[in-house]
Amino acid sequence: MPVVTVQQGPRGSELTRALVARITDAFVDVYKIPADTVQVWVHEVPPDSWGVGGRLKADR
C-alpha cells in the first residue's frame, strides 16, 4: 500500500482534493493497483513555520 506525503503551504480544499485525486490516479495507472490502497497525507505548513533562502515565507 503506497503512502505519499505532501508538504506544502496552505491551499484551499478544492485544490487539495484535486491533488489527492491526481496522485492516486498516477499510482493506479502506473502500478495497476486499486485506488483504495493509495494513501495521500497532506501536511500544510503555515508560512511562519517554513523557511526558504534563510528567511521565513511569512517575511517574503
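Residue pairs meeting the ring pair (Phe, Tyr, Trp, His ring centres under 6.0 Å) criterion with at least one partner in residues 30-60, sequence neighbours excluded, are Phe27-Tyr31.
Taking OG1 from Thr24 and CD from Gln39, the interatomic distance works out to 10.0 Å, rounded to the nearest 0.5 Å.
Annotation for Pro10 and Val45: closest pair CD-O, 3.3 Å, computed over non-hydrogen atoms. Contact between Val6 and Ile23 at its shortest, heavy atoms only, is CG2-CD1, 3.8 Å. Taking each heavy atom of Arg60 and Arg55 in turn, the nearest pair found is CA-NH2, 3.8 Å. Smallest separation of non-hydrogen atoms from Arg11 and Glu44: N-OE2, 3.2 Å.
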(request) Starting from the C-alpha separation in whole Å, work towards a yes-or-no answer on side chain to side chain contact (heavy atoms under 4.5 Å, CB included) for Gln8 and Leu19. (result) CA-CA 12 Å; Gln8 64 180 23; Leu19 178 63; 3.8 Å; yes
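Two different hydrophobic clusters hold Leu56 and Val52 under the rule that ILVMFWY side chains link at heavy-atom gaps under 4.5 Å.
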